[in-house]
Amino acid sequence: MKFCSQCGGPVSQRIPAGDNRLRYICDACSLIHYQNPRIVAGCLPVWNGQVLLCRRAIEPRRGYWTLPAGFMENGETMAQAAARETLEEACARVEALELYTLFDLPHIDQVYLFFRAELADGAFACGEESLEVRLFAEEEIPWSELAFPTVGRTLECFFADRRTQRYPVRNEPLAPLSAYLKKV
Ligand SMILES: [Zn+2]
């Protein structure tokens with residue numbers, strides 16, 4: 001950050017009184033620009049036992065398969081964000097959303113969460129951010145072509161939990177993408 005978004009003045013990094021971290025502070029109007037983690041919300045949409053995945057049309061990880069997910073907007077709930085992203089990326093309406101996985105990613109300042117969901121009517125199509133959208137049975141999942149560790153781990157949990165029909169909320173640490181890429 002170089003300039004204040006409120007007044008356009010230059011900013012510098014200092015620790016505010018009573019704080020313990022470096023912050024960007026405006027030299028002109030003294031506004032403190034706090035930076036906090038961003039929340040990514042998504043769905044694991046299911047239809048007739050198959051899972052809906054989208055092949056990404058955008059970077060990062062263009063061409064790789066993902067569950068529909070994206071950054072939460074102001075003024076919406078986590079479930080609304082997950083449903084909106086599913087509509088945008090896969091043109092699919094979801095219902096019966098249940099919070100399922102929750103990942104802290106402190107190395108990239110993000111929190112990721114996925115809801116299990118049912119497709120409302122089985123309809124889906126390619127959204128603007130997708131090259132391809134389709135349903136996968138468990139044995140068809142392209143494990144080596146998944147976009148992010150959060151997606152792979154959510155799918156692993158889902159197929160494991162489906163055997164017992166119990167889906168506890170999972171909150172686990174996850175390795176960075178670089179470590180994940182070495183593994184697959
Ligand atoms: Zn300012």
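Since this is a predicted model, take the numbers as computed values, not measurements. Both ligands and their constituent atoms are indexed starting at 1 by order of listing.
Residue-and-atom listing of protein N/O/S atoms under 2.8 Å from the Zn ion (ligand 1), sorted by chain and number: Cys4 SG, Cys7 SG, Cys26 SG, Cys29 SG.
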For residues 93-100, dump all side-chain donor-acceptor pairs below 3.5 Å to protein atoms at least two apart in sequence or in another chain.
unit_1 : atom_1 : unit_2 : atom_2 : d
Tyr100 : OH     : Cys157 : O      : 2.9
Tyr100 : OH     : Phe158 : N      : 3.0
Tyr100 : OH     : Asp161 : OD2    : 2.6

Check: residues 105-133 side-chain donor-acceptor pairs under 3.5 Å, at least two apart:
unit_1 : atom_1 : unit_2 : atom_2 : d
Asp121 : OD1    : Ala123 : N      : 3.0
Ser130 : OG     : Glu89  : O      : 2.7
Glu132 : OE1    : Arg55  : NE     : 3.1

Per-pair distances, 0.1 Å, donor-acceptor, side chain in residues 70-84, under 3.5 Å, sequence neighbours excluded:
unit_1 : atom_1 : unit_2 : atom_2 : d
Glu76  : OE1    : Arg84  : NE     : 2.9
Glu76  : OE2    : Glu73  : N      : 2.8
Glu76  : OE2    : Arg84  : NE     : 3.3
Glu76  : OE2    : Arg84  : NH2    : 2.6
Thr77  : OG1    : Gln80  : N      : 3.0
Thr77  : OG1    : Gln80  : OE1    : 3.4
Gln80  : OE1    : Thr77  : N      : 2.9
Arg84  : NH1    : Glu88  : OE1    : 3.4
Arg84  : NH1    : Glu88  : OE2    : 3.2
Arg84  : NH2    : Phe71  : O      : 3.2

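In the displayed structure, Tyr64 atom OH is contacted under 6.0 Å by at most 12 heavy atoms of other residues, nucleotides or ligands. The number of heavy atoms from other shown groups lying within 6.0 Å of CZ (Arg38) does not exceed 12.
By the criterion of side-chain heavy atoms lying less than 4.5 angstrom apart, applied directly or through intervening Ile, Leu, Val, Met, Phe, Trp or Tyr residues, Leu44 is not grouped with Trp47; the two fall into different hydrophobic clusters.
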